[in-house]
2 protein chains.
Amino acid sequence: MEALETRELRYFVAVAEELHFGRAAERLGMAQPPLSRAIQKLERRLGVCLLERDRRGVRLTGAGQVLLHEGRAALDATAAAARRTRRSGGTDRPDASRERLVIAVKAAASHDLLRRLLDAYAAEPDAAEVEVLAGGFNEQEQMLRDGRADVALLIVPFHSLAGFDSEELSTEGRIAVVPARHPLAARDALSMADISDVPDLPIARWPRHGTYAPGPGPEVRDHTQLAQLIALGRTMAVLPDSARTWLWHEHAAVPLIDAPPVSTHIAWPAHSRSLALASLIRTATRLIPDTAPTH
Amino acid sequence: MEALETRELRYFVAVAEELHFGRAAERLGMAQPPLSRAIQKLERRLGVCLLERDRRGVRLTGAGQVLLHEGRAALDATAAAARRTRRSGGTDRPDASRERLVIAVKAAASHDLLRRLLDAYAAEPDAAEVEVLAGGFNEQEQMLRDGRADVALLIVPFHSLAGFDSEELSTEGRIAVVPARHPLAARDALSMADISDVPDLPIARWPRHGTYAPGPGPEVRDHTQLAQLIALGRTMAVLPDSARTWLWHEHAAVPLIDAPPVSTHIAWPAHSRSLALASLIRTATRLIPDTAPTH
DNA sequence: CTGCGCTCATACCTGACAGGTATCACAGGA
DNA sequence: TCCTGTGATACCTGTCAGGTATGAGCGCAG
């Protein structure tokens, strides 16, 4: 009953994600044969068949799916342990309260919420230094899980709060952002049914967990790109109310009456013991009445 | 930036817990010198000082405390990955729904709650086999964290729900259990102040996370031992209401008016994807109205 | 049918490193 | 002062992770 090593997990996750030993080996920067051997050894040690190999590739068994999930979580926890330890390294003796916090936010989104939070926190007597880590579309959750961040502003239908503690900071409705000259721009309100299948205006798609969902709309990577495609009349998008702040003249925003609302949460690892973090969260919760008067 | 290996984490946690290289090495079944070297290497790799060694022992630095915490979580996650994968191994092809669930409960506590849960679940059409894992005083939380169990009945002031999803199943008040012939047994109600400092009846202590809190009372390991010591007039204990079911004739139970209530929760890993588990939880939540009519 | 190409598995070798033993350096207590 | 108990250092060795070369099974084009 030898313990599972991090290296083995890394190997297995790579193979399970690529479903191809050669590509996985390349990604890991090693040759294919030792990778094959390592996986075989892992299967023998666990006494379980993880992969079904046949000539045209590899598929996960049930146990393989379990290990992929649990293994990712374990790798995240391990990476988080290393990162958080390293980060707290400077804090050694010099000044016990010289803690540094890293907050992950989606670039540009929740901008004024973040500003108010940082301002209010900086006014606290015991405020630690806060580093703002702006990530791509949906990276914040992963940053929190693997220790690149200590706390994050997560947007709820897009991120999962599973395993985190969190407080809701604000909720907002959604708007459809359409080209200003498109007929839909004239409407006072829209429903999802109105927009889900417009032939000349497919809904833009952006990556979730690194991959794009299938669909007719164009694939976008950032807001600028999206804004431009909308302005050109090629696509539309469903966005939170607060996106109005960066709309262009060529854009029109129409409220969506039946889209699930999006809410911004401040989230942190459930087991965190950092005093500076606790203080930041206390500050954040005091902001709530200003942000979401309905409560 | 090499990745942190499970072995290194195991070593560090052992040293951090023992605060003694020799004992830690013994616990790990290895010699002391390689352990010392491994920790040094770890410190160099992380670029952080984890331990302050001086001649009469070892102390944790701030970074060391962080790594102890985060490392334990990572080791738990890794062990959980191995255990849950192994467990799902039999489930491979034969019959996809042949999943097995392991539920951790405190032996004897929550007994009828558990019985009703298992009965109700067994009546479900898609019920999986459920193995009941009875543990010691406060082991259930750890069992859930390291994958020995898939779900647990946790008792809330004693266990932390951090990182789990959970549902409250019942809440109960607390009683002081005293020897029947002791003067306190005659009272109708007691407050914490009444019992916290009775010279001839110190409150019994039991292990929390493997160690005993300091105090005057005797150390006990199980209910039988506790019951006997109370019957002998040597100690008293604060227990949930439901403990009345196993009291002896020589015991008396007096309600405590100001003790925080204890509640039983069903808890499971927040990231779980098991269908069988979801079904069990649905069954459990349907039990709530019977158990806690206030809702 | 045959040969090529694409898989993953096997055979075999080698170097790094985990771990063992012996010993040192250093501090505190008799 | 020496003895005891701590962690660190020196040095050796066996194991095993990882590399290269090659095999083996199957699909597919011709």
Side-chain angles (χ1 to χ4, degrees), chain A residues 1-61 63-64 67-68 71 75 78 82 92, chain B residues 1-61 63-64 67-68 71 75 78 82 92:
Chain A
M1 184 88 149
E2 275 282 301
L4 208 47
E5 282 300 323
T6 304
R7 183 177 44 82
E8 306 179 281
L9 278 179
R10 251 192 359 254
Y11 289 2
F12 175 74
V13 169
V15 173
E17 283 177 353
E18 299 286 347
L19 292 176
H20 188 290
F21 280 81
R23 280 195 299 276
E26 189 182 8
R27 197 173 105 185
L28 292 165
M30 67 187 294
Q32 167 261 318
L35 179 58
S36 285
R37 260 187 311 139
I39 301 291
Q40 287 170 29
K41 188 170 166 183
L42 179 62
E43 287 179 307
R44 253 180 294 125
R45 287 243 314 276
L46 290 174
V48 167
C49 176
L50 298 169
L51 299 167
E52 266 176 52
R53 296 96 152 141
D54 79 3
R55 303 309 165 255
R56 71 181 142 294
V58 172
R59 276 177 311 284
L60 286 173
T61 65
L67 186 58
L68 177 56
L75 287 176
T78 306
D92 207 17
Chain B
M1 185 92 149
E2 276 282 300
L4 209 48
E5 283 300 323
T6 304
R7 183 177 45 81
E8 306 179 278
L9 279 180
R10 248 189 4 250
Y11 288 1
F12 175 75
V13 168
V15 173
E17 284 177 354
E18 299 286 345
L19 292 176
H20 190 290
F21 280 80
R23 280 195 299 275
E26 189 182 8
R27 197 173 103 182
L28 293 165
M30 67 188 294
Q32 169 260 319
L35 179 58
S36 284
R37 261 185 312 137
I39 301 290
Q40 287 170 30
K41 187 170 167 185
L42 179 62
E43 287 179 307
R44 255 180 296 125
R45 287 242 314 275
L46 290 174
V48 166
C49 175
L50 298 168
L51 299 168
E52 267 175 54
R53 298 95 153 142
D54 78 2
R55 301 297 167 262
R56 72 182 143 295
V58 172
R59 277 177 312 285
L60 286 174
T61 65
L67 186 58
L68 177 56
L75 287 177
T78 305
D92 207 18

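Every chain is numbered from 1, with letters handed out A, B, ... down the list of sequences.
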When rounded to the nearest 0.5 angstrom, what distance separates [atom1] in [X] from [atom2] in [Y]?
X: B:Thr78; Y: B:Arg10; atom1: OG1; atom2: CZ; value: 10.5 Å
X: A:Thr61; Y: A:Arg59; atom1: OG1; atom2: CZ; value: 11.0 Å
X: B:Phe21; Y: B:Leu51; atom1: CZ; atom2: CG; value: 5.5 Å
X: A:Phe12; Y: A:Leu67; atom1: CZ; atom2: CG; value: 4.5 Å
X: A:Leu19; Y: A:Glu52; atom1: CG; atom2: CD; value: 11.5 Å

**Test log, rule side chain to side chain contact (heavy atoms under 4.5 Å, CB included), inputs B:Leu68 and B:Leu50** = CA-CA 9 Å; B:Leu68 177 56; B:Leu50 298 168; over 6 Å; no

**Asked** What residues, two or more places apart in sequence or in another chain, satisfy salt bridge (Lys or Arg N to Asp or Glu O under 4.0 Å) together with B:Arg53?
**Response**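 With sequence neighbours excluded, B:Arg53 shows a salt bridge (Lys or Arg N to Asp or Glu O under 4.0 Å) to B:Glu43, given in chain and number order.
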
**Message:** What does the B/S/- profile of nucleotides 7-13 of chain D look like, 5' to 3', with a 4.0 Å heavy-atom cutoff to protein?
**Reply:** SBB----

**Item:** For DNA chain C, the residues among residues 7-16 of chain B that have a non-hydrogen atom under 4.0 Å from it
**Value:**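 Heavy-atom contacts with DNA chain C come from B:Arg7, B:Tyr11.
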
Using whole Å, report how far [atom1] of [X] lies from [atom2] of [N].
X: A:Leu35; N: C:dT7; atom1: CG; atom2: P; result: 14 Å
X: A:Arg59; N: C:dT7; atom1: CZ; atom2: P; result: 15 Å
X: B:Leu28; N: C:dA18; atom1: CG; atom2: P; result: 15 Å
X: B:Glu26; N: D:dT6; atom1: CD; atom2: P; result: 11 Å
X: A:Glu18; N: C:dT7; atom1: CD; atom2: C1'; result: 15 Å
X: A:Met30; N: D:dC16; atom1: CE; atom2: P; result: 16 Å
X: B:Ile39; N: C:dA18; atom1: CD1; atom2: C1'; result: 14 Å

**Asked** With sequence neighbours excluded, what pairs up with A:Thr6 under the side chain to side chain donor-acceptor pair (under 3.5 Å) test?
**Response**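 A:Thr6 satisfies side chain to side chain donor-acceptor pair (under 3.5 Å) with B:Thr6 once adjacent residues are dropped.
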
**Message:** On the nucleotide D:dA17, are OP1 or OP2 found under 4.0 Å from the side-chain N or O atoms that A:Lys41 carries?
**Reply:**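 Indeed, a polar side-chain atom of A:Lys41 lies that close.
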
For residues 26-38 of chain B, please give each side-chain donor-acceptor pair under 3.5 Å, one per line with the distance, not counting sequence neighbours.
unit_1  : atom_1 : unit_2  : atom_2 : d
B:Arg27 : NH1    : B:Glu17 : OE1    : 3.2
B:Arg27 : NH1    : B:Glu18 : OE2    : 3.0
B:Arg27 : NH2    : B:Glu17 : OE1    : 2.8
B:Gln32 : NE2    : B:Ser36 : OG     : 3.1

